[in-house]
Amino acid sequence: MTYSGAGVGREGEKKPYFLINLSVSQIQRIYCKYNFFFIYCTTFLCQGQFPLTQNVTVVEGGTANLTCRVDQNDNTSLQWSNPAQQTLYFDDKKALRDNRIELVRASWHELSISVSDVSLSDEGQYTCSLFTMPVKTSKAFLTVLGVPEKPQITGFTSPVMEGERMQLTCKTSGSKPAADIRWFKNDKEVKDVKYLKEEDANRKTFTVSSTLDFLADRSDDGAVVSCRVDHESLNSTPQIAMQVLEIHYTPLVKIISSNSWPEEGQSIILTCESKGKPVPEPVLWTKDGGELPDPERMVVNGRVLSISFLNKTDNGTYRCEAKNPIGRNSTEYVLIVHDPNALAGQTGPDHALIGGIVAVVVFVTLCSIILLGRYLARHKGTYLTNEAKGAEDAPDADTAIINAEGSQVNAEEKKEYFI
């Protein structure tokens, strides 16, 4: 009986590769030998022949290195294939026409390749195959990180009036996974913000936006607001967009005096400090609601009012007013000119006060002495009178003393005091 076999060529067509005459017994012996080899290989020789791979993460545009290792290999071929199951390399032979794919190392124990200029479409599961009986495989997942674009801040109009609401939006696209956005004002992080994540049209990357909402304040003028994008593909170097705030506000006015205790004949300088944006116009000085009464002594030079040879007529309320296109503001200073002579008279001791205190102390002392003398004299007279009354009717001295003591007791009960 004649048997023939056919093989598959490179182009897929079938070609005869042998033509032999075999008997049935011969075919049975060949089959048994092949089956024995298969069982022996899978049981003894081929144990421990497992390809080993690792997952790889690479930034878009970078280079990915795929390595497949076999600790025990009896000259069995290795192959790398892509997620579409297209063969990339079979041992050291390149199978796919892609200039980005290069051979790094090929041996019986290792097959390493590199893929340069990686794109998001390269992401997926790659397979390393070891052509034993049966074929053994190991999977390596290639993760491609999408790099976020440089962020941009929108929504700012310059200038902003104090008290107006500001909404600044920071947006970045192309990140995979979605990037994180943080806000800072003068290097101090602002927490109360809104965050929005949207999937891009390619369904692989994301567009992320964050909105900072606050009321403009004069303290924010000149502040630097920054939007920072953090992502694992940036290698700890975040992308930052910055915006300097310009806030317009009404003037803030304050008067500073050069003399805290002005006296007659002296001079005083009043400085009107005004801060606003835009810069306030030259200030206006007034006294008691009207113009300065003595321009010869009261000289205005910009924001400074100088008054020389002070006298009592200069007493009053001085007002400084500043304005800019946003509004106006004012403040007041009350000037009191002191008499240097009156001040000198008050520097000595107050003799009248001291004399009054001494007079009161002497009067109280004299009154106390008089009252004490009258009290003592009253008690002495009562004792002598009662002793005499007890001796009038007594036959002897002892009886007189006893009668005098009894009379003294009754007298104590009836005595009166006069002051």
Side-chain angles (χ1 to χ4, degrees), residues 148-173 179-197 207-231 234 236-258 260 268-286 289 300-306 317-334:
E149 298 176 358
K150 187 174 182 179
Q152 292 183 345
I153 297 177
T154 58
F156 178 74
T157 57
S158 181
V160 178
M161 304 303 165
E162 183 179 27
E164 290 185 357
R165 181 168 295 278
M166 297 183 64
Q167 286 187 339
L168 303 180
T169 300
C170 178
K171 179 182 289 187
T172 179
S173 302
D180 183 34
I181 295 180
R182 300 166 65 188
W183 284 96
F184 294 84
K185 184 188 292 185
N186 287 339
D187 298 328
K188 183 178 180 181
E189 186 172 1
V190 181
K191 293 291 189 178
D192 189 14
V193 296
K194 297 178 181 178
Y195 182 84
L196 179 63
K197 179 178 70 174
T207 295
V208 181
S209 62
S210 178
T211 301
L212 176 63
D213 191 341
F214 63 99
L215 292 177
D217 185 77
R218 64 183 59 198
S219 61
D220 295 327
D221 183 50
V224 178
V225 175
S226 58
C227 157
R228 193 172 88 178
V229 175
D230 293 317
H231 194 263
L234 299 177
S236 302
T237 306
Q239 294 181 344
I240 300 176
M242 295 185 296
Q243 179 66 60
V244 180
L245 302 183
E246 183 181 1
I247 312 298
H248 283 192
Y249 54 93
T250 57
L252 179 66
V253 186
K254 180 174 64 173
I255 295 177
I256 299 177
S257 173
S258 65
S260 60
I268 189 172
I269 298 176
L270 302 179
T271 303
C272 180
E273 290 189 350
S274 59
K275 182 182 179 182
K277 197 165 186 179
V279 177
E281 300 174 2
V283 299
L284 175 64
W285 284 99
T286 59
V300 177
N301 184 12
R303 305 180 185 279
V304 177
L305 170 61
S306 301
T317 301
Y318 292 79
R319 177 189 292 269
C320 167
E321 182 180 278
K323 66 178 181 178
N324 63 7
I326 309 302
R328 63 180 63 199
N329 201 354
S330 64
T331 187
E332 296 179 346
Y333 176 83
V334 178

Check: Asn324 side chain, Ile326 main-chain N or O, donor-acceptor pair, under 3.5 Å
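Confirmed, Asn324 side chain pairs with Ile326 backbone.
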
So, does Ser258 use its side chain to make a donor-acceptor pair with the main chain of Ile269 at under 3.5 Å?
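Checking the backbone N and O of Ile269 against the side chain of Ser258, a donor-acceptor pair under 3.5 Å is found.
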
Flag the pair Arg228 and Asp180 as a salt bridge only when some basic side-chain nitrogen lies within less than 4.0 angstrom of an acidic carboxylate oxygen.
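Judged by the 4.0 Å cut-off on N to carboxylate O distance, Arg228 and Asp180 do not form a salt bridge.
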
Using a strict 4.0 Å threshold on nitrogen-to-oxygen distance, state whether Arg303 and Glu273 make a salt bridge.
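Glu273 and Arg303: not salt-bridged.
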
Atom [atom1] in [X], atom [atom2] in [Y]: separation rounded to 0.5 Å?
| X | Y | atom1 | atom2 | value |
| --- | --- | --- | --- | --- |
| Gln243 | Cys227 | CD | SG | 11.5 Å |
| Glu321 | Ser274 | CD | OG | 11.0 Å |
| Lys185 | Leu168 | NZ | CG | 9.0 Å |
| Asp187 | Ser226 | CG | OG | 6.5 Å |
| Tyr249 | Lys277 | OH | NZ | 7.5 Å |
| Tyr318 | Leu270 | OH | CG | 8.0 Å |

Minimum heavy-atom separation for [X] to [Y], with atom names?
| X | Y | result |
| --- | --- | --- |
| Thr250 | Arg218 | O-NH2, 3.3 Å |
| Met161 | Ile247 | C-CG2, 4.4 Å |
| Tyr333 | Ser257 | OH-OG, 3.3 Å |
| Lys275 | Pro280 | C-CG, 4.3 Å |
| Gly327 | Pro251 | O-CD, 3.5 Å |
| Val283 | Gly302 | CG2-O, 3.6 Å |

Let me see the working for Asn301 and Ser306 under side-chain contact (heavy atoms from CB on, under 4.5 Å), right down to the final yes or no.
CA-CA 8 Å; Asn301 184 12; Ser306 301; over 6 Å; no

For Thr317 and Glu332, does a side-chain donor sit closer than 3.5 Å to a side-chain acceptor?
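No, Glu332 and Thr317 have no side-chain donor paired with an acceptor closer than 3.5 Å.
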
Between Arg319 and Ser330, does any side-chain donor sit less than 3.5 Å from a side-chain acceptor?
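Short answer, yes.
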
Atom pairs and distances, side-chain donor-acceptor, residues 208-216, under 3.5 Å, sequence neighbours left out:
residue : atom : partner : partner atom : Å
Ser210  : OG   : Trp183  : NE1          : 3.0
Ser210  : OG   : Lys194  : O            : 2.9
Thr211  : OG1  : Thr169  : OG1          : 3.4
Asp213  : OD1  : Arg165  : NH1          : 2.8
Asp213  : OD2  : Gln167  : NE2          : 3.1

Counterpart residues, salt bridge (charged side-chain N to carboxylate O under 4.0 Å, His left out), relative to Arg182 (two or more places apart)
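So Arg182 forms a salt bridge (charged side-chain N to carboxylate O under 4.0 Å, His left out) with Glu189, Asp230.
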
Could you work out, with salt bridge (charged side-chain N to carboxylate O under 4.0 Å, His left out) as the rule, every residue matching Lys171, not counting sequence neighbours?
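Residues passing salt bridge (charged side-chain N to carboxylate O under 4.0 Å, His left out) with Lys171: none at all.
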
Could you check if a side-chain atom of [X] sits within less than 4.5 angstrom of a side-chain atom of [Y], using non-hydrogen atoms only?
| X | Y | value |
| --- | --- | --- |
| His248 | Glu162 | no |
| Val225 | Leu245 | yes |
| Leu305 | Cys272 | no |
| Ile240 | Phe184 | no |
| Val229 | Pro151 | yes |

Give the C-alpha distance, both sets of side-chain angles, the deciding distance and a yes or no for side-chain contact (heavy atoms from CB on, under 4.5 Å) between Gln152 and Lys150.
CA-CA 7 Å; Gln152 292 183 345; Lys150 187 174 182 179; over 6 Å; no

Kindly determine whether Glu246 and Val160 satisfy side-chain contact (heavy atoms from CB on, under 4.5 Å), including the steps that lead there.
CA-CA 6 Å; Glu246 183 181 1; Val160 178; over 6 Å; no

The test is side-chain hydrogen bond (donor to acceptor under 3.5 Å, both in side chains); show your working for Glu149 and Thr172 and say whether it passes.
CA-CA 5 Å; Glu149 298 176 358; Thr172 179; 5.9 Å; no

With side-chain contact (heavy atoms from CB on, under 4.5 Å) as the criterion, how do Cys320 and Ile255 come out once you've worked through the C-alpha distance, each side chain's angles and the decisive distance to 0.1 Å?
CA-CA 7 Å; Cys320 167; Ile255 295 177; 3.9 Å; yes

